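Before any comments, here is the structure.
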Amino acid sequence: MLSKQSAVPLYKQVKSEILNDIRSAIYKVGETIPTETQLEERYHTSRITIRKAIDQLVDEGVLLKKQGKGTFVQAQKVQRNLLNLVSYTTYMQESGQKPDAVIQALEILPADEKWARSLHLKNGDSIIRLARSMDLGENNAGYEVSYYSLERFPKLDERITKGTSVTKILREEYQGYGTSSSQILNVIPASQEIANYLRIGNGAPIYQLERTVFEEDNRILYSAIMYYDVEKVSFSVNTKEG
């Protein structure tokens with residue numbers, strides 16, 4: 001219910017209610033939401049308030065107005081800023097969703113040439129490999145494989161469990177803070193394994209994002225490869241002027 005005593009404007013409360021109903025599949029992708037008159041009656045507020053909430057959702061690509069047919073729920077793409085990539089847990093919390101990552105692999109192994117070079121280690125040095133599938137909402141998923149130096153993060157593999165934020169563990173247990181990062185984004189065909197995690201067809205185009213995160217002293221915090229469905233995720237490059 002809306003609260004006129006709240007500091008949050010009524011149109012934003014209406015907008016939040018509609019978004020919650022979309023996330024709960026009360027309003028499904030491709031279907032219409034109730035008319036402005038019906039929403040006005042439901043929320044006991046003015047037509048102007050309802051229209052402002054809907055117009056914002058249209059501007060944000062959540063809804064689509066079709067003349068003479070109604071207002072439809074659109075399939076949503078997850079939007080990530082390449083220049084300001086936050087952790088999965090932070091992203092989901094900022095989006096008002098509950099993080100749900102499933103550990104697919106957690107192992108200690110000797111670094112091969114590629115990962116020794118990526119982590120600035122020697123061939124054969126022990127590294128931790130963490131593979132997770134991540135729910136992104138709206139029948140959307142991601143898959144991420146991260147690599148950490150065991151020497152830099154001893155017993156990290158024992159601290160990682162389902163539901164824990166790895167970023168939080170690095171900060172609180174190892175004083176590991178990422179201060180900068182580099183990204184390489186490619187589009188590749190999905191292997192059968194990754195397609196299964198992303199719930200798409202084998203060979204479908206996917207984003208492959210290679211990311212390295214650095215600490216303040218330019219030591220490497222970790223390296224990772226992330227995979228996303230190109231139909232459900234988009235990347236932007238946003239900077240602040242001045």
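In this text, all values refer to a predicted model and were calculated from it rather than measured experimentally. Every heavy atom of this structure was used, including side-chain atoms; hydrogens, water molecules and symmetry mates were not.
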- Task: May I ask you to check whether Thr37 and Arg47 show a side-chain donor-acceptor distance below 3.5 Å?
- Result: yes
- Item | Donor on one side chain, acceptor on other, Gln104 and Ser133, under 3.5 Å | yes
Is the [atom1] atom of [X] crowded by more than 12 outside heavy atoms at less than 6.0 Å?
{"X": "Glu107", "atom1": "CD", "result": "yes"}
{"X": "Lys98", "atom1": "NZ", "result": "no"}
{"X": "Ile48", "atom1": "CD1", "result": "no"}
{"X": "Glu210", "atom1": "CD", "result": "yes"}
{"X": "Gln175", "atom1": "CD", "result": "yes"}

- Message: Name the residue from Tyr177, Tyr147, Tyr148 that meets the ring pair (Phe, Tyr, Trp, His ring centres under 6.0 Å) definition with Tyr222.
- Response: Tyr148
Are side-chain heavy atoms of [X] and [Y] found at a separation under 4.5 Å?
{"X": "Thr71", "Y": "Leu57", "answer": "no"}
{"X": "Thr167", "Y": "Thr90", "answer": "no"}
{"X": "Thr45", "Y": "Leu2", "answer": "yes"}
{"X": "Glu31", "Y": "Val73", "answer": "no"}
{"X": "Leu121", "Y": "Ile220", "answer": "no"}
{"X": "Ile128", "Y": "Leu106", "answer": "yes"}

Any idea which heavy atoms bring [X] and [Y] closest together, and the distance?
{"X": "Pro110", "Y": "Ile127", "answer": "C-CG1, 4.5 Å"}
{"X": "Ala101", "Y": "Met134", "answer": "CB-CG, 4.0 Å"}
{"X": "Ser182", "Y": "Phe214", "answer": "OG-CE1, 4.0 Å"}
{"X": "Ala53", "Y": "Tyr11", "answer": "CB-O, 3.3 Å"}
{"X": "Glu215", "Y": "Arg152", "answer": "OE1-NH2, 2.9 Å"}
{"X": "Asp21", "Y": "Arg42", "answer": "OD2-NH2, 3.2 Å"}

Okay, side chain of [X], backbone of [Y]: is any donor-acceptor separation there less than 3.5 Å?
{"X": "Thr164", "Y": "Ile160", "answer": "no"}
{"X": "Ser6", "Y": "Val8", "answer": "yes"}
{"X": "Tyr88", "Y": "Gly142", "answer": "no"}
{"X": "Lys28", "Y": "Ala25", "answer": "yes"}
{"X": "Gln13", "Y": "Ser3", "answer": "yes"}
{"X": "Gln38", "Y": "Thr35", "answer": "yes"}

Interatomic distance, [X] atom [atom1] to [Y] atom [atom2] [nearest 0.5 angstrom]:
{"X": "Asp112", "Y": "Arg117", "atom1": "CG", "atom2": "CZ", "value": "9.0 Å"}
{"X": "Lys155", "Y": "Leu150", "atom1": "NZ", "atom2": "CG", "value": "10.5 Å"}
{"X": "Leu221", "Y": "Thr179", "atom1": "CG", "atom2": "OG1", "value": "8.5 Å"}
{"X": "Ser149", "Y": "Leu156", "atom1": "OG", "atom2": "CG", "value": "10.0 Å"}
{"X": "Asn202", "Y": "Asn196", "atom1": "CG", "atom2": "CG", "value": "8.0 Å"}
{"X": "Leu63", "Y": "Ile22", "atom1": "CG", "atom2": "CD1", "value": "5.0 Å"}

- Query: Could Lys65 and Asp55 be called an ion pair, given the rule that one side-chain N must be under 4.0 Å from one carboxylate O?
  - Reply: yes
- So does Arg219 pair up with Asp217, basic N to acidic O under 4.0 Å?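 A salt bridge links Arg219 with Asp217.
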Path from [X] to [Y] over hydrophobic side-chain contacts below 4.5 Å:
{"X": "Ile103", "Y": "Val145", "answer": "no"}
{"X": "Leu19", "Y": "Ile50", "answer": "yes"}
{"X": "Tyr207", "Y": "Leu136", "answer": "yes"}
{"X": "Val58", "Y": "Ile18", "answer": "yes"}
{"X": "Ile169", "Y": "Val102", "answer": "no"}

- Hey, mind stepping through Asp229 and Arg199 against side chain to side chain contact (heavy atoms under 4.5 Å, CB included) and telling me if it holds? CA-CA 9 Å; Asp229 184 354; Arg199 303 193 286 270; over 6 Å; no
- Message: Between Val166 and Ser146, is the side chain to side chain contact (heavy atoms under 4.5 Å, CB included) condition met? List the steps.
- Response: CA-CA 10 Å; Val166 179; Ser146 303; over 6 Å; no
- Task: Mind telling me whether Tyr197 and Tyr143 have parallel, tilted or perpendicular rings, with 30° and 60° as the class edges?
- Result: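 The arrangement is parallel - the two ring planes meet at less than 30°.
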- Message: Working note: Ile225 + Leu209, criterion side chain to side chain contact (heavy atoms under 4.5 Å, CB included); need CA distance, chi angles, decisive distance, verdict.
- Response: CA-CA 6 Å; Ile225 302 180; Leu209 177 63; over 6 Å; no
- Can you list every pair that meets salt bridge (charged side-chain N to carboxylate O under 4.0 Å, His left out) and has a residue in residues 160-175, with sequence neighbours left out? Asp100-Lys162, Arg159-Glu173
- Task: Please lay out, stage by stage, how Tyr227 and Ile188 fare under the test side chain to side chain contact (heavy atoms under 4.5 Å, CB included).
- Result: CA-CA 9 Å; Tyr227 302 92; Ile188 64 171; 4.1 Å; yes
